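Presented below is the structure to which this report refers.
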Amino acid sequence: HCVTTPSISCITSSSGATDASPKYFLQAGSTPSVISCKTNGCVLEDKTAVKGYFINSAGTTGKAVISCNGTQCSELADVSTCSVVGKVKVSGGKVYFCVSTTDADPTHVEIKIDASRSESTKSFKLANDNDFPGFNKDQYISVKIGKDGTAL
């Protein structure tokens with residue numbers, strides 16, 4: 001990170017991320033994007049190409065998920081129920097992708113970083129604009145639940 005105090009001073013700090021265990025952070029600024037970190041460093045994702053959810057590695061209390069809608073990204077306030085298909089909920093310290101409004105297994109899928117798990121894809125029709133970030137009402141979409149802590 002860099003600090004301006006009469007001159008600019010920058011230092012490098014490790015994110016602790018690996019290829020098997022990536023980390024995601026929200027970029028500061030007026031139209032933030034998500035920063036993805038792996039073994040070889042961090043990259044700023046193109047916010048116009050990213051629509052979906054990321055596990056928030058910043059440890060912000062009450063905001064376990066970063067949501068990106070193709071224009072900007074933001075930390076989401078934790079919600080504890082699956083009231084909308086395409087949204088996420090946080091329960092017991094875990095993040096779940098809602099594939100139904102029935103709030104029980106198997107109507108939600110855990111989003112987590114786990115290199116040993118299989119990726120899955122869920123397809124559904126959106127009832128309202130932005131029920132899944134950046135998509136509109138009545139669109140049929142497929143969302144990949146990755147083993148890297150994403151739902152895109």
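On a predicted model such as this, the values are computed, not experimentally measured, just so you know. Reckoned from all heavy atoms, side chains included, excluding hydrogens, waters and symmetry mates.
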I111-I141 co-clustered via ILVMFWY side chain contacts under 4.5 Å: yes
Minimum side-chain heavy-atom gap V65-F97 below 4.5 Å: no
Minimum-distance pair of heavy atoms, taken over all atoms of A151 and I145: CB-CD1, 3.8 Å
Rounded distance (nearest 0.5 Å) linking atom CG of D78 with atom OG1 of T61: 9.0 Å
From CG (L26) to CD (E75), nearest 0.5 Å: 5.5 Å
Pairwise distance NZ(K87) to CG(L76) - rounded to 0.5 angstrom: 7.5 Å
Gap separating the NZ atom of K89 from the SG atom of C98, nearest 0.5 angstrom: 6.5 Å
Backbone of S142 reached by a side-chain donor or acceptor of S123 within 3.5 Å: no
Same apolar cluster (I L V M F W Y, side chains within < 4.5 Å links), V109/V90: yes
Spacing of NZ belonging to K144 relative to OG1 belonging to T121, to within rounding of 0.5 Å: 7.5 Å
hydrophobic_cluster_shared for V95 and V85, side chain cutoff 4.5 Å: yes
Joint cluster assignment, I113 & F25, ILVMFWY side-chain distance < 4.5 Å: no
Polar side-chain atom of D129 near backbone of K137 as donor-acceptor pair, under 3.5 Å: yes
Nearest heavy atoms of L44 and S33, plus distance in Å: CD1-CB, 3.7 Å
Closest non-hydrogen atom pair, K38 against P22: CG-CB, 4.0 Å
Hydrophobic cluster membership, V84 vs V99, 4.5 Å side-chain cutoff: no
Residue pair N56 / K63: nearest heavy atoms and the distance that separates them: ND2-O, 3.0 Å
I66 versus V34, closest heavy-atom pair with distance: CD1-CG2, 4.0 Å
Y53 and F132 aromatic ring geometry - parallel, tilted or perpendicular at 30°/60° bounds: perpendicular
Separation between NZ of K47 and CD of Q72, rounded to the nearest 0.5 Å: 8.0 Å
Closest non-hydrogen atom pair between P133 and C68, with its separation: CB-O, 3.0 Å
